[in-house]
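Notes for the one structure printed next.
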Amino acid sequence: MQYPATHLVVMGVAGSGKSTTAAALSQQLGWACAEADLFHPQSNIDKMTQGIPLQDGDRWPWLQEIQDWMTAQAAAGTSTVLTCSALKQSYRQLLSGAQGRVLFIHLDGGADLIGQRMQGREGHFMPSTLLPSQLATLEPLTGNELAAGSLRLDISNSPEEIVAAVLAGLKLPAQAMPSAHLEPSAS
């Protein structure tokens with residue numbers, strides 16, 4: 001079955017390598033790329049910066065904005081690669097309501113490795129103190145999600161190995177075309 005557009009949602013907790021993987025996939029596929037963090041309202045960013053975990057009430061409007069963006073891209077015939085924590089199955093269900101085919105790439109790894117990565121990054125508003133709450137919230141991909149084509153990959157592999165596994169696992173042809181990094185438009 002052909003889909004008018006495909007959305008690869010690179011998911012996982014903070015520090016799992018979503019941005020690196022999404023940028024590499026976007027480059028390989030020639031697909032538009034966006035960071036879900038750019039869809040957060042300032043109130044969410046303020047909470048996370050202060051080390052306050054987001055609640056579902058904070059996340060639902062954010063996730064709806066992301067779904068709306070994916071639908072708009074699909075309506076334009078554009079396939080996308082998007083970073084989004086998508087920690088709960090219910091969040092992924094909402095995102096799956098976007099027009100086009102939505103697949104999740106879960107970057108999975110141990111708390112120690114992710115914590116080390118978070119300590120080494122600069123310029124991100126998410127403090128490593130929120131990692132335990134993210135790990136507690138995380139619901140791994142279900143059997144139905146995996147059967148529908150989503151993938152769960154080990155972050156101890158190199159970014160190149162992860163990208164190769166995605167391309168092979170989803171049977172996507174690498175085009176090595178320039179990709180567009182898109183930001184949400186003001187609504």
Side-chain angles (χ1 to χ4, degrees), residues 6-29 31 33-40 44-45 47-49 51-56 58-59 62-63 66 80-96 102-172 174 179 181:
T6 297
H7 308 287
L8 299 182
V9 180
V10 182
M11 62 163 285
V13 299
S16 60
K18 295 183 297 288
S19 295
T20 299
T21 302
L25 282 168
S26 173
Q27 183 66 34
Q28 287 291 314
L29 294 166
W31 293 3
C33 186
E35 293 275 342
D37 286 344
L38 298 175
F39 294 84
H40 273 299
N44 284 5
I45 293 170
K47 281 184 177 182
M48 290 183 284
T49 300
I52 301 169
L54 297 180
Q55 302 301 313
D56 281 354
D58 302 312
R59 290 188 179 109
W62 168 65
L63 292 164
I66 295 167
T80 67
V81 180
L82 175 76
T83 66
C84 181
S85 53
L87 298 175
K88 291 185 178 181
Q89 198 274 331
S90 59
Y91 303 165
R92 297 189 296 272
Q93 206 167 20
L94 185 142
L95 294 173
S96 292
V102 180
L103 298 170
F104 296 92
I105 311 302
H106 179 190
L107 301 181
D108 192 26
D112 290 343
L113 176 57
I114 294 169
Q116 289 171 6
R117 288 181 176 188
M118 288 183 79
Q119 293 294 331
R121 64 184 194 175
E122 297 176 11
H124 197 279
F125 58 82
M126 175 72 87
S128 58
T129 55
L130 288 180
L131 179 58
S133 73
Q134 285 211 323
L135 289 168
T137 302
L138 177 65
E139 296 172 0
L141 293 172
T142 66
N144 287 341
E145 289 171 311
L146 293 167
S150 293
L151 302 172
R152 186 173 181 186
L153 301 170
D154 187 340
I155 64 167
S156 64
N157 292 312
S158 72
E160 295 80 14
E161 290 170 321
I162 290 171
V163 168
V166 171
L167 296 175
L170 299 179
K171 297 175 179 56
L172 296 170
S179 59
H181 188 83

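Side chains included, hydrogens not; waters and symmetry mates left out as well; all remaining heavy atoms used.
- When every heavy atom of Leu141 is checked against every heavy atom of Glu145, the shortest pair comes out as CA-OE1, 3.2 Å.
- Put simply, CG on Leu25 and CD1 on Ile162 are 9.5 Å apart, with the number rounded to the nearest 0.5 Å.
- Here the side chains of Arg59 and Leu94 are not in contact, with every heavy-atom distance at 4.5 Å or above.
- Counting heavy atoms from C-beta outward, Val10 and Leu82 have side chains that stay 4.5 Å or more apart.
- The shortest side-chain heavy-atom distance between Cys84 and Leu63 falls under the 4.5 Å cut-off.
- In terms of the side chain to side chain contact (heavy atoms under 4.5 Å, CB included) criterion, residue partners of Gln93 (sequence neighbours excluded) are, by chain and number, Gln89.
- Taking CH2 of Trp62 as the reference point, atom CG of Leu38 lies at 11.0 Å (rounded to 0.5 Å).
- Side-chain contact check for Phe39 versus Asn44: every heavy-atom pair is 4.5 Å or farther apart.
- Note that the NE2 atom of His106 and the CD1 atom of Ile155 stand 9.0 Å from one another [nearest 0.5 Å].
- Counting only distance, with no hydrogens or angles, the side chain of Lys18 and the backbone of Gly12 share a donor-acceptor pair below 3.5 Å.
- Partners of Thr20 under the side chain to side chain contact (heavy atoms under 4.5 Å, CB included) rule, at least two apart in sequence or in another chain, are Pro159.
- Taking the side chain as every heavy atom from C-beta outward, Val163 and Glu160 never approach each other to under 4.5 Å.
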side-chain contact (heavy atoms from CB on, under 4.5 Å) evaluation trace for Arg92 with Val9: CA-CA 9 Å; Arg92 297 189 296 272; Val9 180; over 6 Å; no
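- Every side chain to side chain contact (heavy atoms under 4.5 Å, CB included) that Leu170 has, sequence neighbours left out, goes to Leu8, Leu103, Ile105, Leu151, Val166, Leu172.
- Put simply, the side chain of Glu35 reaches to within 4.5 Å of the side chain of Ser19, judged on heavy atoms.
- Between the OG1 atom of Thr83 and the CG atom of Leu107 there is a distance of 10.5 Å, given to the nearest 0.5 Å.
- Interatomic distance, His40 NE2 to Ile45 CD1, rounded to the nearest 0.5 Å: 7.0 Å.
- Rounding to the nearest 0.5 angstrom, the gap separating the CG atom in Asp108 from the CZ atom in Arg152 is 4.0 Å.
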Full working for side chain to side chain donor-acceptor pair (under 3.5 Å) between Asp154 and Ser156: CA-CA 5 Å; Asp154 187 340; Ser156 64; 2.9 Å; yes
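- Lys88 is listed as a side-chain neighbour of Asp56, based on a closest heavy-atom distance under 4.5 Å.
- Summarising the geometry of Ala36 relative to Ile66, their closest heavy-atom pair is CB-CD1, 3.6 Å, with the distance given to 0.1 Å.
- The shortest distance between side-chain heavy atoms of Leu87 and Glu139 does not fall below 4.5 Å.
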